[in-house]
Each structure stands twice: as structure tokens, then as C-alpha cells.
Amino acid sequence: MRRLRGSAGIRNLMRECRVGADDLVMPLFIKPGLTEPEPIASMPGISRYSPEQALAECRTLFAWGIRAVALFPSSITAGKDAQGTGALDDQGLIPNTVRRLKAEVPELLIIGDVALDPYTDHGHDGVLNAEGTGVDNDATVAILERMAVLLAEAGCDWVAPSDMMDGRVGAIRRTLDQAGFDSTVILAYAAKFNSGYYGPFREAVGSDRPSGEGYLDKSGYQLSPANAREALRDALLDEAEGADILMVKPAGPYLDILARLRSATATPLAAYQVSGEYSQIQAASRCGWLEYERIRDESVLAIKRAGADLILTYFAKEIAQGLQEKTAIG
Ligand code: PBG
């Protein structure tokens with residue numbers, strides 16, 4: 001084997017995968033009324049941006065080769081209710097930001113998150129059933145369909161249901177088509193696990209339980225970390241319902257799911273390297289225990305190698321910046 005590893009030239013010829021800026025999607029947290037970007041304590045290097053600041057950020061990202069951003073509303077405190085009514089406000093923070101970004105950086109793809117958690121006072125991704133024992137799947141889907149159309153109307157190129165309700169991809173596809181948005185792409189959070197790695201994100205968007213009673217339990221709709229076969233079934237249902245791209249989330253701890261899904265379907269795959277994956281790499285490097293850039297790049301390359309065509313990662317901006325002098329990492 002060493003014959004093929006003997007020099008940088010040979011190693012480059014033998015390289016099986018690369019990651020470029022155009023493989024990466026940068027998630028952005030939007031918050032109204034900020035005079036300065038607001039750093040997120042548990043995610044060093046990541047801040048919340050006002051719509052105005054997000055615009056400047058998007059210009060930079062695009063100039064560095066990033067072709068898509070995923071927007072999340074952050075710390076909406078006013079107007080949260082049990083129904084997540086704010087999600088259907090045409091003049092809400094996200095629709096207004098999307099209109100702005102599409103007008104000024106039209107070539108940058110905007111991915112709108114379809115789920116109710118930033119808008120519900122209980123923090124769940126859907127509305128609760130009458131007994132209060134869990135989410136009401138079908139009532140939630142009916143709201144998500146309208147939310148998807150509203151995001152498409154505002155200018156989102158892709159909508160990304162991250163809620164894990166059953167049947168929502170098919171319902172969203174039909175409703176988008178009926179509303180004339182037949183070219184809006186559905187990026188389905190197809191295999192989304194009930195993971196502890198979302199902790200810093202929930203702080204970032206303010207969807208952790210308002211009373212602060214620990215980590216909100218989404219095990220009634222998100223996948224069990226123990227279940228791979230169930231994850232494949234769930235993802236392939238989204239595919240059958242018309243998802244254009246299937247996403248696995250988190251990414252690093254679930255590379256087996258990504259690889260198995262890669263062999264099960266020819267549909268494009270995305271992976272979301274989530275907040276906790278980002279934060280643990282940041283934390284260990286801050287302690288001096290891991291070499292930051294090396295681990296960062298290795299973590300993203302591994303996700304690509306396992307089968308992801310595109311990767312949502314909080315490292316996207318920084319990697320793209322570093323790639324101004326190189327063509328790809330790996
Ligand atoms: C919820 C949502 C979550 C993330 C994206 N959309 C968290 C959750 O399910 O509680 C997590 C992303 C991250 O951790 O970076 N709709």
C-alpha cells in the first residue's frame with residue numbers, strides 16, 4: 001500500500017474525496033434589533049445577526065464561495081404561543097429577512113427552516129394534542145404546509161422541514177405545487193435523531209424550555225439514537241413523498257446512517273454537523289487538547305466520505321475563508 005502513499009503528488013492523485021466551499025451551507029441565526037452581532041456563548045465564533053448584519057455576512061459568504069445559507073430565527077420572545085402562530089406571520093423576522101437577502105444577493109440560495117419550535121411557548125416543533133401528552137401530528141402538518149408556502153413566497157429557494165412529523169414532506173410538496181411553487185426544493189430532515197448535540201442551538205434560538213427545566217424531550221417524534229433501520233425507513237418515506245434531498249442529522253455520530261442511506265438511494269444526501277459537534281471541537285481546542293484546524297477539517301471530510309453531497313456546518317464560513325488560498329480541504 002505504501003507505493004501509493006509515497007509523495008504528496010501520488011497522495012493527491014489517490015484522494016477519494018474533497019470538500020470545497022461550494023459543498024458547504026452556513027447556518028445563520030437572525031435576531032431583530034441588534035446594533036452589533038451578538039456572540040453565542042456556547043458556540044465560540046458564531047453570532048446572531050440582525051437582518052442588516054446578515055446581509056453583509058451573506059455578501060462575504062458568497063464572495064468566499066458559499067452558495068447557500070440556512071436561516072433560523074433567534075430568541076423570539078414576544079408573541080410565542082402554544083400554536084406557534086408567529087410562524088405564519090408574513091411580516092415575521094424570517095420572511096422579511098429573506099426578501100431583503102434575495103433582493104440584494106439573489107444568487108445565494110436561501111434555505112428556510114420549516115418547524116414551529118422557535119415560535120411555540122413550549123418549545124416543541126409542533127402543536128400539542130388535547131391531552132398535552134405529545135405533538136398533534138396532523139394539525140402540525142397543516143400549519144407547516146402554510147409555513148412552507150409563506151417561506152417560498154418570501155423567496156426561499158429551498159424549504160427544510162426539520163420537525164419530524166409524519167407525512168409532512170408529501171403534504172408540503174402538494175401545497176407548494178398548488179400554490180405555484182413547483183420549483184421550490186424540499187430538503188428533508190429525513191433522519192433526525194433525538195440528540196443531545198442540539199443543546200447549543202437551542203440556546204442560540206431560545207427554544208430550550210422557557211422555565212429552564214433541562215433538555216426538552218422530543219423523543220416522541222425524533223429518532224432514537226439506537227435505531228438505524230428505523231432511520232432508513234423514515235428517510236425513504238420522505239423520499240417516496242417527494243423530498244429532493246435527504247438529510248441526516250447530527251452528522252459525525254451518525255456516519256453509519258449516512259453511509260447506509262448512500263447505498264440505499266441515489267437521491268442527493270445532506271448532513272448537518274450540528275451545534276454540539278461544533279462546540280465540542282471548539283471546546284477541546286480551547287483546552288489545547290486537539291489541534292483545531294486539523295480536527296475541524298477531518299470532521300467535515302469524514303462526513304463527505306461517508307456519503308454527503310452537501311454539508312450544513314457552522315465551520316462553513318471559516319473553511320471557505322481558509323480556502324481562498326487552497327482549492328479544497330483534504
Ligand atoms: C428544530 C431544529 C433543531 C436544530 C435545527 N432545527 C434542534 C432541535 O430539534 O431541537 C438543531 C441544529 C443544531 O443543533 O445545530 N426544528
Side-chain angles (χ1 to χ4, degrees), residues 24-30 40-48 69-76 80 84 86-87 94 111-127 134-135 137 140-141 143-144 147-148 151 156 158-165 168-169 172 186-210 214-225 231 234 238 247-254 270-283 299-300 303 311-317:
L24 304 177
V25 176
M26 182 71 190
L28 292 177
F29 298 109
I30 312 294
I40 298 161
S42 56
M43 302 179 73
I46 302 296
S47 294
R48 305 179 182 94
V69 293
L71 302 186
F72 297 98
S74 169
S75 304
I76 293 179
K80 284 197 192 204
I94 292 296
I111 306 174
D113 191 62
V114 181
L116 300 184
D117 52 304
Y119 305 99
T120 51
D121 52 13
H122 43 70
H124 280 289
D125 290 34
V127 295
V135 288
N137 189 95
T140 302
V141 170
I143 301 172
L144 298 178
M147 184 178 185
L151 290 169
C156 283
W158 297 9
V159 291
S162 67
D163 55 290
M164 289 297 278
M165 298 303 120
R168 90 285 201 214
V169 171
I172 289 172
I186 300 180
L187 165 64
Y189 284 68
K192 177 170 176 179
F193 287 86
N194 178 30
S195 170
Y197 284 94
Y198 308 145
F201 174 96
R202 292 186 190 175
E203 183 210 319
V205 303
S207 70
D208 37 0
R209 201 192 294 251
Y215 203 67
L216 190 62
D217 181 12
K218 299 190 178 183
S219 53
Y221 43 104
Q222 297 180 345
L223 285 158
S224 162
D234 202 324
D238 284 3
M247 184 146 74
V248 174
K249 173 186 177 186
Y254 295 90
Y272 197 148
Q273 184 179 44
V274 301
S275 55
E277 299 179 72
Y278 174 87
S279 299
Q280 66 184 2
I281 291 174
Q282 289 284 353
S299 72
V300 173
I303 296 166
I311 303 168
L312 279 75
T313 171
Y314 300 95
F315 293 122
K317 181 186 180 189

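Each ligand, and each atom within it, is numbered from 1 in the order the structure gives.
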### Message
Using heavy atoms and a 4.0 Å limit, tell me yes or no: is Gln222 in contact with ligand 1?
### Response
yes

### Message
Side chains of His124 and Thr140, heavy atoms from C-beta outward: is any pair under 4.5 Å?
### Response
no

### Message
Check for me whether Lys249 has a heavy atom closer than 4.0 Å to any atom of ligand 1.
### Response
yes

### Query
Which bit of Asp117 is near ligand 1, meaning a heavy atom under 4.0 Å away: side chain, backbone, both or neither?
side chain

#### Entry: Ala115: numbered ligand 1 atoms lying under 4.0 Å from its heavy atoms
16 (N)

#### Entry: Non-hydrogen atom of Glu277 closer than 4.0 Å to ligand 1
no

### Query
Is there side-chain contact between Leu116 and Val127, with heavy atoms separated by less than 4.5 Å?
yes

#### Entry: Stepwise side chain to side chain donor-acceptor pair (under 3.5 Å) test for Gln273 and Ser299
CA-CA 9 Å; Gln273 184 179 44; Ser299 72; 2.9 Å; yes

### Message
Evaluate Tyr189 for polar contact with ligand 1, using N/O atom pairs at a separation under 3.5 Å.
### Response
no

### Task
Using a 4.5 Å cut-off on heavy atoms from C-beta on, say whether the side chain of Arg202 contacts that of Asp117.
no

### Query
Is ligand 1 under 4.0 Å from a heavy atom in the side chain of Tyr272, in the backbone, in both, or in neither?
side chain

### Task
Mark up the atoms of ligand 1 that fall under 4.0 Å of a heavy atom belonging to Arg202, in ascending order.
8 (C), 10 (O)

#### Entry: Option passing side chain to side chain donor-acceptor pair (under 3.5 Å) with Tyr272 (candidates Tyr198, Tyr197, Tyr314)
Tyr314

#### Entry: Asp125: numbered ligand 1 atoms lying under 4.0 Å from its heavy atoms
1 (C), 16 (N)

## Note on the structure
Logged contact type for Ser275 with ligand 1, heavy-atom cut-off 4.0 Å, is both

### Query
What residues form a side-chain hydrogen bond (donor to acceptor under 3.5 Å, both in side chains) with Ser275, not counting sequence neighbours?
none

### Message
Given 3.5 Å as the limit, does a donor-acceptor pair link the side chain of Glu277 with the main chain of Gly252, or not?
### Response
yes

### Query
Considering only heavy atoms of Tyr314, which atoms of ligand 1 have at least one such atom less than 4.0 Å away?
12 (C), 13 (C), 15 (O)

### Query
With sequence neighbours excluded, what pairs up with Ser162 under the side-chain hydrogen bond (donor to acceptor under 3.5 Å, both in side chains) test?
Asp113

